[in-house]
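Counting starts at 1 for both ligands and their atoms, following the listed order.
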Amino acid sequence: MHLGVNIDHIATLRQARLTVYPDPIGAADICVEAGADGITAHLREDRRHINDADMQALARRSSAGKIHLNMEMAATEEMVAIAVKLKPQACCLVPEKRQELTTEGGLDVAGHIERMEKIVSQLTAAGCRVSMFIDPSDAQIRASAAIGAPVIELHTGHYANLTGKARADELVRLQLGAKLAVELGMIVHAGHGLTLDNMADIVAIPELSGLNIGHAIIADAIFKGLHQAVADFKAAMIR
Ligand code: PXP
């Protein structure tokens with residue numbers, strides 16, 4: 001199973017003081033050395049963490065074969081133009097609201113079929129493997145398959161925030177969603193809100209082939225260093 005480490009929060013720390021450190025690109029290299037299979041970074045419309053220069057530097061690293069880059073992006077013309085130019089190996093389309101603390105909920109693919117289909121084909125033509133970040137609903141999974149997206153990333157944020165029976169029910173939705181997506185011929189990833197404490201049941205979903213994890217890894221890195229934090233998540237996934 002592929003571990004994509006989301007490095008946005010390295011840039012969040014830098015932007016809190018508008019300094020030049022900590023450097024997210026150096027962090028990406030450490031993540032890869034520690035066992036990350038890929039680097040995920042979200043170029044938000046407001047550039048609140050990762051900025052254009054970061055994404056360009058990450059794309060140079062990815063075209064040199066040093067990292068596998070997954071660019072998270074809103075489904076906008078501006079972001080599509082940037083991705084088409086930078087050609088990351090993967091693009092993950094996410095919903096984006098300016099005031100949100102982090103990505104809330106999945107993308108409404110079913111409600112915007114034509115626009116999403118056009119964006120998927122533009123990104124695919126540029127050589128990017130496109131992933132749709134969606135909630136585990138049948139409608140969104142079927143819509144993603146219908147527009148030709150090769151990958152979906154199931155939103156685990158709700159699962160992570162729930163407890164007890166509600167969490168167990170959400171786990172079943174994720175399990176069934178992953179199964180349906182594979183039946184429809186798609187590759188299934190998952191991410192958001194995952195930690196060492198809550199990821200075991202998600203990792204155990206047999207249809208999943210990748211996780212994207214950010215906040216908890218960077219938080220753990222404060223106490224044990226980034227290399228160890230990434231290595232511990234990778235080891236937990238293998239276990
Ligand atoms: N996957 C997607 C699509 C995301 O938007 C995010 C957050 O940027 C993540 C995964 C990682 O979430 P977290 O930082 O909560 O691990």
Side-chain angles (χ1 to χ4, degrees), residues 1-13 15 24 27-28 31 36-51 54-55 58 68-76 79 83 88 90-98 100-109 116 119 123 128-136 140-141 144 149 151-162 170 174 177-178 181 187-200 202-203 208-222 226 229-230 232-234 236-237:
M1 186 180 289
H2 177 111
L3 171 62
V5 177
N6 182 314
I7 57 167
D8 294 348
H9 293 291
I10 308 276
T12 300
L13 189 55
Q15 294 313 111
C31 293
D37 304 289
I39 297 298
T40 293
H42 185 176
L43 185 66
R44 293 186 79 101
E45 289 180 274
D46 61 8
R47 312 306 199 258
R48 71 166 78 149
H49 36 56
I50 293 291
N51 61 31
D54 296 328
M55 199 51 92
L58 290 167
H68 177 281
L69 177 61
N70 174 32
M71 175 175 166
E72 267 183 36
M73 51 185 270
T76 63
M79 288 301 149
C91 289
C92 180
L93 295 173
V94 300
E96 203 173 293
K97 296 187 206 121
R98 279 185 186 264
E100 68 190 356
L101 288 178
T102 181
T103 314
E104 293 166 355
L107 194 64
D108 182 12
V109 184
M116 295 298 166
I119 293 176
L123 294 171
C128 309
R129 189 171 77 165
V130 187
S131 161
M132 316 301 283
F133 184 55
I134 54 172
D135 289 318
Q140 298 299 345
I141 295 166
S144 301
V151 185
I152 58 165
E153 179 172 330
L154 293 176
H155 189 310
T156 50
H158 304 304
Y159 167 82
N161 288 333
L162 293 168
E170 184 66 11
L174 289 161
I187 292 166
V188 190
H189 296 163
H192 212 283
L194 297 176
T195 67
L196 283 176
D197 292 333
N198 70 16
M199 69 192 270
I202 300 296
V203 180
L208 279 190
S209 57
L211 295 181
N212 283 308
I213 307 181
H215 194 260
I217 293 181
I218 306 307
D220 283 4
I222 293 170
L226 183 56
V230 172
D232 285 354
F233 271 78
K234 183 76 191 183
M237 279 168 68

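Distance CG/D135 to CG/L174: 9.0 Å, rounded to 0.5 Å.
Remark: the backbone N or O of G191 is not paired with any side-chain donor or acceptor of N212 at under 3.5 angstrom. Formation of a donor-acceptor pair under 3.5 Å by the N198 side chain with backbone atoms of T195 is found in this model.
Atoms of ligand 1 found under 4.0 Å from any heavy atom of E153 (numbered from 1 in listed order, with element): 1 (N), 2 (C), 3 (C), 10 (C). Near V94, meaning under 4.0 Å from one of its heavy atoms, ligand 1 places the atoms 3 (C). Contact atoms of ligand 1 toward G193: 12 (O), 13 (P), 15 (O), 16 (O) (distance under 4.0 Å to a heavy atom of the residue). Against a heavy-atom cut-off of under 4.0 Å, H215 is close to the following atoms of ligand 1: 13 (P), 14 (O), 16 (O).
Remark: among candidates E72, H9, H192, H49, the nearest residue to atom 2 (C) of ligand 1 is E72, based on non-hydrogen atoms.
Checked by distance only, ligand 1 and G191 stay at 3.5 Å or farther apart across all their nitrogen or oxygen atoms.
Nearest heavy-atom pair, L93 versus A74, reported as atom, atom and distance to 0.1 Å: CD2-O, 4.3 Å. Across all non-hydrogen atoms, the minimal contact from H155 to P136 is O-CD, 4.3 Å.
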